[in-house]
2 protein chains.
Amino acid sequence: MHSDLWVEEKFEDFLGLRLKVEKVLFSGKSEFQTVDVVETKGHGKMLLNDGLIMVTERDEFAYHDMISHVPLFIHPSPKKVLVIGGGDGGSAREVIRHKGVEKCTMVEIDAMVVDACKEFIPLTASALDDDRIELIIGDGVQFVKDTTEKFDVIIIDSTDPIGPATPLFGEEFYQDVNKCLSDDGIVVSQGETPWYGKEIQHSLLSVLNNVFDNTYMYSFSNLTYPGGLWCFTLASKKYHPISDFNADAVDASGLSFKYYNKGVHTAAFALPNFIRDGLQHLLKN
Amino acid sequence: MHSDLWVEEKFEDFLGLRLKVEKVLFSGKSEFQTVDVVETKGHGKMLLNDGLIMVTERDEFAYHDMISHVPLFIHPSPKKVLVIGGGDGGSAREVIRHKGVEKCTMVEIDAMVVDACKEFIPLTASALDDDRIELIIGDGVQFVKDTTEKFDVIIIDSTDPIGPATPLFGEEFYQDVNKCLSDDGIVVSQGETPWYGKEIQHSLLSVLNNVFDNTYMYSFSNLTYPGGLWCFTLASKKYHPISDFNADAVDASGLSFKYYNKGVHTAAFALPNFIRDGLQHLLKN
């Protein structure tokens, strides 16, 4: 491609983020969504679903560190982990860095996302062939309805509640998640941005409050999602995300991180006032 | 304007942030820079200097809360405060909400910025006529060289180190800042983004380390600066930003904030690993 190529993610009708593209590596249309992988100039390889940025090599560590290590260091001994979505493989990659995790089941609805990332973004997808990862191409909603397994940590690594991910924001889904979560289990979900996604946050937290007794929200900073500041919700059957967090276990793990550390773990739950605004009655932190 | 109007801030040659514009309210060229004020669709009124977004009404509280209340709640009794730059008035507005502050001197080099904000962005500029604010239109570099006053807190609310703000990132300037900082004073400076501005952060922290014994960095999330996650540097002659922080004083102040709170104060100093990377030897936190 010799022309000046850019990709733009628009948010509503008033915001656009443009990234310079060197090369289109893959462009397909599955039964669920469009799937594009491009080589960008400043952000490495990038995955877009339905035109929305999912992952860039430059900043994927922030999202994947914070969606996985926060619950995995709150639970004292997570052995069985379930990832719903997360087709790029980054969340599962981080999960199995925890030596105590015996099995990470990953249920991604769209094989095209997995295949495209395996071929073009090995940075996130390289662990997907690991023996401890069971990759199921299927509907996460149906999986949690049908399974008789129990999981210590469940990670809902979904896109926004438009398109294939919509049911992942509903109460019926979380009733089933609750059913297959162990008695001391933790579920973390992609929780949108406080800058532009307050209504979705309110809806998701309301659903979680209907199902779980203890619901929290924590934040991190992403580079390429609209708003930058982004949240995860966390619902816990037993453990408190800070008072039951064993910071020594982070050191003992021997793991190194690009984003996560002991201080960041606790700090992530200290939310700015504008995030709490309108949501405080739904939060335990 | 009936056409589809957008303003775009480009970062290097690989990133652009576009915002929908309803109306151009002001467009001028001072001896220092271009100054534009536009009414945006999604972000309220917005100031741009040399084409770079300085302030939007939607998110200005994040920057102004964190540049001002962090040092003002570390110092136990700040009475005299100096703001260098900050022509939109937002930092000075937050400073004088602290009842103990007797005087806030603000030195802005560009009268056009102040005048444009007074006329078009009263949200940030409305406090500039307050009796406790002494507004000096002049060169901050020269001011700190010449003044014989001492300040408890100095806030360097500058643009990036290109154009008129360049000397505000140099050692000579900070030697003069040190001279007019009281014996238990604190200086906070706009500290760029870890995603794209690492070299400037390294340079600024190196300068600060040459002048001050105790240099820290803290982060917050902005909506419309490239990268979203942004930093302030903090150099302190006496007080530690966390162990000397009196959280009760925040409650006792009776002030309300959109971004800042006691938890956010401490959390802001818990930096993700990729921020610390390459800078840790220059930081006391």
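To find a chain, count down the sequence lines: A is the first, B the second, and so on, and within it residues start at 1.
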### Query
Between B:T193, B:D59, B:D65, B:V21, which residue shows the highest count of heavy-atom pairs closer than 4.5 Å to chain A?
B:D59

### Query
Hey, what do you get for CZ (B:R18) to CZ (A:R18), rounding to the nearest 0.5 Å?
6.5 Å

### Query
Are A:D13 and B:K20 close enough, and set up right, to give a salt bridge (charged side-chain N to carboxylate O under 4.0 Å, His left out), and what steps lead you there?
CA-CA 7 Å; A:D13 59 350; B:K20 172 89 176 116; over 6 Å; no

### Query
Between B:E8 and chain A, which part of the residue has a heavy atom less than 4.5 Å away: side chain, backbone, both or neither?
side chain

### Query
Measuring heavy-atom distances to chain B, does A:Y259 have an atom under 4.5 Å in its side chain, in its backbone, in both, or in neither?
both

### Where B:S221 and A:L229 come nearest, the two heavy atoms and their spacing
OG-CD1, 3.4 Å

### Query
side chain to side chain contact (heavy atoms under 4.5 Å, CB included) between A:V264 and B:N273: does it pass, once the steps are laid out?
CA-CA 9 Å; A:V264 163; B:N273 288 343; over 6 Å; no

#### Entry: Heavy-atom closest pair, residues B:Y196 and A:L223
OH-CD1, 3.4 Å

### Task
Please flag which part of B:K262 lies under 4.5 Å from any non-hydrogen atom of chain A: side chain, backbone, both or neither.
neither

### Message
I'd like to know if the side chain of A:N261 reaches the main chain of B:L271, judged simply by a donor and an acceptor atom lying under 3.5 Å from each other, with no hydrogens or angles considered.
### Response
yes

### Message
Counting only heavy atoms from other residues, nucleotides and ligands, does the tally under 6.0 Å from NZ of A:K258 exceed 12?
### Response
no

### Task
Look at B:G16, B:A270, B:A267 and state which one has the largest set of heavy-atom pairs under 4.5 Å with chain A.
B:G16

## Note on the structure
Most heavy-atom pairs under 4.5 Å with chain B, out of A:S219, A:S256, A:G227, A:P226, belong to A:G227

### Query
Any idea how B:H43 and A:F14 line up, ring-wise: parallel (<30°), tilted (30 to 60°), or perpendicular (>60°)?
perpendicular

### Task
Could you tell me which of A:F220, A:F257, A:F274 has the largest number of non-hydrogen atom pairs under 4.5 Å with chain B?
A:F274

### Task
Just give me the residue among B:P272, B:A62, B:G228 that pairs up with chain A most often, heavy atom to heavy atom, under 4.5 Å.
B:P272

### Query
Of the backbone (N, CA, C, O) and the side chain (C-beta and beyond), which part of B:A268 lies under 4.5 Å from a heavy atom of chain A, both, or neither?
neither

### Task
Mark yes or no for whether A:R58, through its side chain, and B:W195, through its backbone, hold a donor-acceptor pair below 3.5 Å.
yes

